[in-house]
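Encoded as structure tokens, the structure appears first; notes follow it.
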Amino acid sequence: MINLIVLILDIASALFLVIFILLHSGKGGGLSDMFGGGGSLSGGTSVERNLDRITIFTAILFGLTTFWLAWKWH
């Protein structure tokens, strides 16, 4: 039962990780420019900073769940 829950978390975190990475700004673009703000506005940098935190948390969750599944289904 716990393996099923971890598997669902793993798949969900993989999908969210792809979405969050695609939302990040490249050279001169990204989520902050999507809402009309430039890189110099404080709202844009705040959004990017929060997006960084969410992406890091999602990546750690994905790594832990992948490690768990590899360890349990050896």
Side-chain angles (χ1 to χ4, degrees):
M1 181 67 180
I2 193 154
N3 283 340
L4 180 64
I5 294 170
V6 174
L7 182 63
I8 292 170
L9 276 175
D10 189 51
I11 293 170
S13 64
L15 293 175
F16 281 121
L17 191 59
V18 169
I19 292 169
F20 292 145
I21 288 173
L22 288 175
L23 284 175
H24 276 280
S25 63
K27 293 184 177 180
L31 187 63
S32 61
D33 287 341
M34 187 185 311
F35 296 111
S40 63
L41 294 176
S42 62
T45 55
S46 173
V47 170
E48 290 290 332
R49 199 173 320 125
N50 287 334
L51 185 60
D52 287 342
R53 290 181 186 143
I54 293 170
T55 306
I56 290 169
F57 173 76
T58 307
I60 290 171
L61 180 66
F62 175 72
L64 289 174
T65 56
T66 302
F67 178 74
W68 174 269
L69 290 172
W71 177 60
K72 290 301 276 188
W73 282 340
H74 181 263

Nearest heavy atoms of Thr55 and Leu51, plus distance in Å: OG1-O, 2.7 Å

Going by side-chain contact (heavy atoms from CB on, under 4.5 Å), name the residues that satisfy it together with Asp52, two or more places apart in sequence or in a different chain. His24

Can you confirm whether Leu22 is buried at CG, in the sense that more than 12 heavy atoms of other residues, nucleotides or ligands lie under 6.0 Å from that atom? yes

For residues 9-19, which side-chain donor-acceptor pairs fall under 3.5 Å, sequence neighbours excluded?
{"residue": "Asp10", "atom": "OD1", "partner": "Thr65", "partner atom": "OG1", "Å": "2.8"}
{"residue": "Asp10", "atom": "OD1", "partner": "Thr66", "partner atom": "OG1", "Å": "2.9"}
{"residue": "Ser13", "atom": "OG", "partner": "Leu9", "partner atom": "O", "Å": "2.9"}
{"residue": "Ser13", "atom": "OG", "partner": "Asp10", "partner atom": "O", "Å": "3.0"}

Interatomic spacing from CZ in Phe57 to CZ in Phe20 - rounded to 0.5 Å: 10.0 Å

Check whether Ile2 and Leu4 end up in the same hydrophobic cluster, where Ile, Leu, Val, Met, Phe, Trp and Tyr are linked by side-chain heavy atoms less than 4.5 Å apart. no

Is there a path from Leu7 to Trp71 through hydrophobic residues (I, L, V, M, F, W, Y) whose side chains come within less than 4.5 Å of each other? yes

Please list, chain by chain and in numerical order, all residues satisfying side-chain contact (heavy atoms from CB on, under 4.5 Å) with Ile60, sequence neighbours excluded. Ile56, Leu64

Rounded to the nearest 0.5 angstrom, the CG-CD distance for Leu23 and Glu48 is 9.0 Å

